[in-house]
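A short write-up of the structure that comes next.
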Amino acid sequence: RALAREPERVVPRVHLGRYLLASDDPAGAEAALDAALDRNPASADALGALGVAQARRGDRLEAARSWRQALRFDPAQPEARAGLERLGAW
């Protein structure tokens with residue numbers, strides 16, 4: 001509903017991306033998160049969740065890039081910190 005009311009908002013797209021991740025749909029999550037980043041390329045939360053989606057589909061290099069970018073915008077972004085720790089790339 002939030003997307004229908006305000007299609008330009010970033011936060012509902014990030015929530016949709018996380019929902020799709022929880023529903024085991026990393027490709028759908030990546031599409032929703034890319035749409036969020038089209039609207040706000042500096043969204044650390046979208047970048048953190050995007051890294052999770054990329055890692056789930058096996059693209060560790062892109063995941064690490066997304067997580068590092070997220071940390072540039074928010075050094076405390078939890079998905080990015082945890083993801084890089086799991087990759088040993090922190």
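Pairing each heavy atom of A32 with each of L20, the nearest pair is CB-CD1, 4.4 Å. Of all the heavy atoms in L21 and A49, the pair that sits closest is CD1-O, 3.7 Å. What you find for A63 and A55 is that their closest heavy atoms are CB-N, 3.7 Å. Of all heavy-atom pairs spanning R81 and P75, the tightest one is NH1-O, 3.2 Å.
Atom CD of E30 sits about 5.5 Å away from atom CG of L50, to the nearest 0.5 Å. Note: R39 CZ to R9 CZ = 12.5 Å, rounded to the nearest 0.5 Å.
When each of L37, D45, N40 is tested with V14 by the rule side chain to side chain contact (heavy atoms under 4.5 Å, CB included), just one qualifies, namely D45.
In this structure, the side chain of R57 does not engage the main chain of A27 through any donor-acceptor pair within 3.5 Å. Between the side chain of R56 and the backbone N or O of G51, no donor-acceptor pair lies under 3.5 Å. Between the side chain of W67 and the backbone N or O of L84, no donor-acceptor pair lies under 3.5 Å.
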Before giving the answer on side chain to side chain contact (heavy atoms under 4.5 Å, CB included), spell out for L33 and R13 the whole-Å C-alpha distance, their side-chain angles and the decisive distance to 0.1 Å.
CA-CA 6 Å; L33 295 162; R13 292 178 189 285; over 6 Å; no
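Annotation: side chain of Q77 is not in contact with side chain of L47 (no heavy-atom distance under 4.5 Å).
For the pair R18 and E79, the salt-bridge criterion is met [side-chain N within less than 4.0 Å of a carboxylate O].
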